[in-house]
Amino acid sequence: MKRILVVDNEEYIQEVAKVCLETVAGWEVLLAGSGKDCLTQAEAEQPDAILLDVMMPDMDGITTFQRLQENSATQAIPVILLTAKMQSSDRRRYSQLGTVAAIAKPFEPLKLAGQIAAALGWSLET
Amino acid sequence: MNRLISRKLTAGFGLACIVMLGNDWISYQILRKISGNQPAVDQMTITLSLDTVLGLGLLLSLYLLIRRDLAARQQAQAALQERENHLRAILDAEPDCVKVVAADGSLLEMNPAGLAMVQAPDADAVIGQSVYPLIAPEHRAAFQQMHRRVCQGSKETLEFEIVTQQGNRRWVETHAVPLKSTVDDSFVQLAVTQDITQRKQAEVELYRLNCMLTTLLDCNQALVRAEHELDLLQRVCQVIVSRGGYQLAWIGFAEQDEAKTIRPVVQSGDEASYLQHLSLTWAETASQPEPASAAIRSGQPVVRPVVQSELAEPQATSWQQEALDRGYAAAIALPLLSGQQPWGALSIYAAEADAFDAAEISLLSELAEDLSYGILALRNRRDRQLAEIALQENEERLRLALNAAQIGLWDWNILTDQIIWSVEHERLFGLAPGTFDGSYRAFNACVHPEDRESVVQVVNHARAEKTDYCHQYRMVWPDGSIHWIESRGKLYSNAADEVVRILGTVVDISIRKQAEIALRAEKRNLELRVAERTVEMLQVNKQLQKELNQRQKMQADLQLSQAQFAGILDIAEDAIISIDRQQQITLFNQGAERIFGYAAAEVLGQPLDILLPTRFAQLHHQHVTDFKSFPVQARRMGERREIFGRRKDGSEFPAEASISKLATGQEMLFTVFLQDITERSQIDRMKDEFVSVVSHELRTPLTSIHGSLGMLASGLLQPDSEQGKRMLQIAVDSTDRLVRLINDILDIERIESGRVQMEKQLCQLEDLITEAVNIVQPLADHANVTLSITSSALQVQADPDRIIQTLTNLLSNAIKFSASGSTIWLTAERQANDLLVMVKDQGCGIPDNKLDSIFERFQQVDSSNSRNHEGTGLGLAICRSIVQQHDGKIWVESRLGEGSSFYFTLPVEPPHRQQAAPLVLICESDPTLCTRLQTLLQQHHYRVATALGQDVITQATAQQPAVILLGLMSPDLSGWQLLSQLKEQPETQHIPIMICSLCAETPSQADACVDWTSQPLDESLLLQSLSRILAKSPGKIQVLIVEDDQNLAEVLVTLFEQHFEQYGVTAFHAKTGQEAIRLSQQIRPDLLVLDVVLPEGDGFTVVKWLQQEQQLQEIPLIVYSGKDLDISERNRLKLGPTEFLSKGQVTIQEFEQRVIALLEQVTETATELRVDSREQQ
């Protein structure tokens, strides 16, 4: 079973994403409420992927991703951005960063898991 | 699934969101009023479905983006609007066409002058349409090219023809500059276009006329000066070629030989030997004769285009082929006439096919006539010379003839009166031989009757004077012919000196005479013709002078129009700067002065470098040098990099510029067209930031709603399961948050855009505080936070609901950030010019770097999830907007870890109350006590006067104080005496008197006094007594009602006198503006109720007049009018505290309330001010 870390400062979004991924894909979902929390958990829990919000207070998703890359313990974990900022200039920036994919908010609850799986080359077990 | 989105937007005061989910999942309705005082007149109903939530979000984003962008630029826009209006006015008044053309060629804008130029019936006929139908077909390509270059950012000038909507063609000159569209940042064309049709025509006509007139003038000069025929002809040909700008001019004589040869006698410009290759004849042989030949034959001017001969005659050399070979495109031949008879032709050849138009032919014909005349005149002159020569020859011959006995000799013996005639006389007198008897009578009969007298006289005269004589007279021959005779007489005298004999000769001089007469006549004729030609030439010269004057005037007009264009350039917003080859500034318009901060005089002649940041100077120098050899005439600068300008103060700014070059002779001139884009860059940046923030803020709750409801809708979750219920809760909470967010955003936009007016009224601040506290108390209780409120009775002119909203926001914020068990303080106090409200908490505090930005939208300090559900990030921004709309200030002071204090101020009305403060007359003989009383009362906003003894009576009578404060130890009159005097006099008896006394006993006259106070002075007791006395003072308020409707006036008078009886009101009534002014002076009303529309001076006049009077300029005013008043009108209707009540829109209750509020201000001002100040102490 895949383990995925959902990072978002919005508690409700964490919860909804968790329900979506658990219900649709049956993955195990870990939650983090800040960039800092994400770094800690990523290193400790070694999830199979990280679904990372971009606009977060204190440490934003971009910085968080860079920190993950700098740390050899976390640099291999694929990161998918989850963001409301999806203008073309933003998309270009994300692809230059080296993240696997970026998914727009609001996400489609039934398709979210499929999008993640597709980006990572996973097959969905229902 | 219900897919309907319906929207109803009115000028909404309320907003309700109904979130409906299909299949009866849930129906949740939230009704929310934004402002409680306003009736929820309408609701905005949004029916949302799962699939349309996103759509709504986008819709709102868009709406908000527009609203927010507008608000961010509000200030700039106001200025822009003003500038726009100003420019619009200039544009409308601009005599030249000004238009804006979109990149696709559609016309976006055109001023009235432009519409007139294209003869459009109205703006709609052309605005929004393509401009191309207005452009003459042959010019469309040029215009399109120019337009493309302008839309790529360069400045262009083009002359072309337009076709007006009524089908007329006009030449125009257009000066086009690129203008960046605010819509999509593309360029559009802004052009100033002038009708140059007249100028064009004038130019062409002027040029031709000028050439022709010069030619004519020069030819005439040649005619006048010419001595020899060939010289004249040669000169004329030269002038025609050199002045007239023709290729070839020649003159041929029509020889009267058998071949009818045309003999070229002079030519100019025939370097290519055109004439040599032709054999010219004026005989009717050639089918396509040389024009000269045709002209001589016809005696008329002949114009021929030079074309390839269709009838090729290989053996004969075609004149047209020869002409073609030499580049002639048209030819004209003008016959030279003597009378009707052609004797030659003047031929002219031009390189332009259209060189000889009607005007030109007419001028050239005139030239040919002049030339003919000149030749004839020359020939006449020659003839005369010949005649004179002939005459001399004749005389010679006569002399010879005389010598050969052609002279008659006669001998007159005076003594015998015998005349002996020689035989020649018979022939000389025309008589037959032998018929002349030699008598004087017979001689006399032959003399012309008119000359007989003179013959006798001459002889008698000669005899008397004894001189020889010579006399000419006429003889009439028997055949009637008249012959001139010259008779010479030689007188001989005897010794006694008596004339005894005259010996004479007679010569027939008829031939000579005739020649003389002919010559004289010819000479007169010549003189006449010279005079005529002189007059003609004078006329021609006068005409020429006139034409030259006209041309000069046209040139002056052209200069003027250029000056006008320069004026337009100067009002341009953009900088227009020209530099020469050395890159020194040669032109610096007013736009450049504005943008760079230099005066033109400071920079002209300076290197361009002074306008550039030092680090770019070298680079820029190179760019300009490169551009010099660049093939295009104009291009945008900084296409590959940002460019910056440097102002006089050294500051830099981002700029957009284009450069064009112009070669003028040796000189290369560059013109730079530059805009300061600082503001635009900032706005762009702010827009980008805002888009991402709003996008994030709106998408956050939408994500939760969409996700949770999506899961429920999918059926994968059971709604009644724990998880399902949680998802529903999240959806509900997030919907709530979204609604709050939308409400707040709409709210703040409405406040900032000024669409929501602050409903200011006189409020008790304490009441507002109480209401706000009531709202947040449950929150505080829940958070276990104590609210500590300190406030006093403070009045403020404010919108109560908005102030409550502000207080609620600040309090709930404080509660949110307060730890359990902590306290929040709210205080309100009076400062010098305003009220200061503070909300202080013991929360975590705000870092220094956030203190400024915290009032911006979506700028929460702590966004950690647990606390952020309730907040929208707009609360403080709304507070700031509300406070600013009240002309107040809002700020925060904070220490990290210790807590924050939010402050805001509300201004109190300007201190007009000072004027209304009651006057207290102090009569106290003890100077120390007097000073103390004076200071005390002044501190408490009373006006104070002092007097002693009899002066008290005088002053009380004159000044009518509100209260007299009487000490009982007065020096000359005792206090008691004063008291009784004051109470006896009618002028002073109504004035309340307060006695300060050391006497503890109550004196007998105490009834007359209203109050007592004892010494040592108890200040608070004294002030209290004073307040009490003043509040009770009766019959003091005078209300002036100005109303022209008699019925309404009566109602108002009754209302005031009866309903406000407790205030002791006396109501006066004025029907006209003039009456109002007069009554105001007399009664000095305490309150004015004023209608606006009045006879004899309206409400504005009355107010304007009252504003001039110091004692009246601050009286409270109620404007009670049926007229809708705008802001500027309201501003003009201001005295003291002013209320605007609309007739028919105010109930009688409201009217009463407002009046009471104002009356209370009048009566209680002093009291209230005193209470305030005591509390401050």
Side-chain angles (χ1 to χ4, degrees), chain A residues 6-26 29 31-38 51 53-62 81-91 93-94 102-115 124 126, chain B residues 50-51 53-58 61 688-689 691-718 721-724 726-738 850 858-869 873:
Chain A
V6 173
V7 189
D8 202 308
N9 62 312
E10 292 287 336
E11 203 176 85
Y12 283 170
I13 295 179
Q14 286 179 19
E15 270 190 63
V16 171
K18 181 176 159 80
V19 169
C20 290
L21 297 180
E22 282 176 353
T23 311
V24 175
V29 179
L31 297 176
S34 69
K36 218 172 141 191
D37 194 7
C38 166
L51 190 57
D53 182 26
V54 174
M55 281 184 88
M56 290 188 294
D58 301 330
M59 187 193 290
D60 68 8
I62 306 299
L81 295 174
L82 185 60
T83 175
K85 296 182 76 172
M86 283 295 265
Q87 287 175 292
S88 55
S89 61
D90 297 320
R91 283 174 200 274
R93 202 165 60 125
Y94 301 148
I103 295 171
K105 278 183 183 176
F107 55 81
E108 286 300 323
L110 298 181
K111 294 180 187 163
L112 180 63
Q115 286 174 303
L124 269 189
T126 42
Chain B
L50 200 53
D51 288 356
V53 173
L54 185 60
L56 172 64
L58 292 172
S61 300
D688 287 349
E689 281 169 17
V691 167
S692 78
V693 169
V694 168
S695 163
H696 177 259
E697 291 298 325
L698 286 168
R699 278 166 195 266
T700 297
L702 277 173
T703 305
S704 301
I705 297 168
H706 193 48
S708 54
L709 295 182
M711 286 310 292
L712 286 167
S714 72
L716 291 171
L717 285 184
Q718 287 307 312
S721 68
E722 274 309 303
Q723 227 171 19
R726 178 64 186 157
M727 286 296 108
L728 272 180
Q729 188 57 46
I730 288 174
V732 169
D733 287 354
S734 299
T735 309
D736 200 7
R737 177 176 168 183
L738 185 59
K850 298 266 188 176
F858 304 120
Q859 293 286 340
Q860 286 151 319
V861 174
D862 182 355
S863 314
S864 67
N865 52 10
S866 56
R867 307 193 119 152
N868 204 25
H869 285 301

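Lettering of chains follows the sequences in order, A, B, ..., and the numbering in each one begins at 1.
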S708(B) and V16(A) have their tightest heavy-atom pair at N-CG1, 3.5 Å
Atom pair OG1/CD1 of T703(B) and I13(A) - distance to nearest 0.5 Å: 4.5 Å
Separation between CD of E697(B) and CE of M55(A), rounded to the nearest 0.5 Å: 7.0 Å
Rounded to the nearest 0.5 Å, how far apart are CD1 of I730(B) and CD of E10(A)? 11.0 Å
For a quick test of reading the model, state the closest non-hydrogen atom pair linking G707(B) to F107(A) and the distance between them. CA-CE1, 4.5 Å
Provide the closest heavy-atom pair for P109(A) versus H706(B) in the form atom of the first, atom of the second, distance. CG-O, 3.6 Å
Any chance you could lay out the side chain to side chain contact (heavy atoms under 4.5 Å, CB included) test for E15(A) and Q729(B), step after step, and finish with the verdict? CA-CA 11 Å; E15(A) 270 190 63; Q729(B) 188 57 46; over 6 Å; no
Closest non-hydrogen atom pair, M711(B) against V19(A): CE-O, 4.0 Å
Give the minimum heavy-atom separation between R699(B) and A84(A), together with the two atoms involved. CD-CB, 3.2 Å
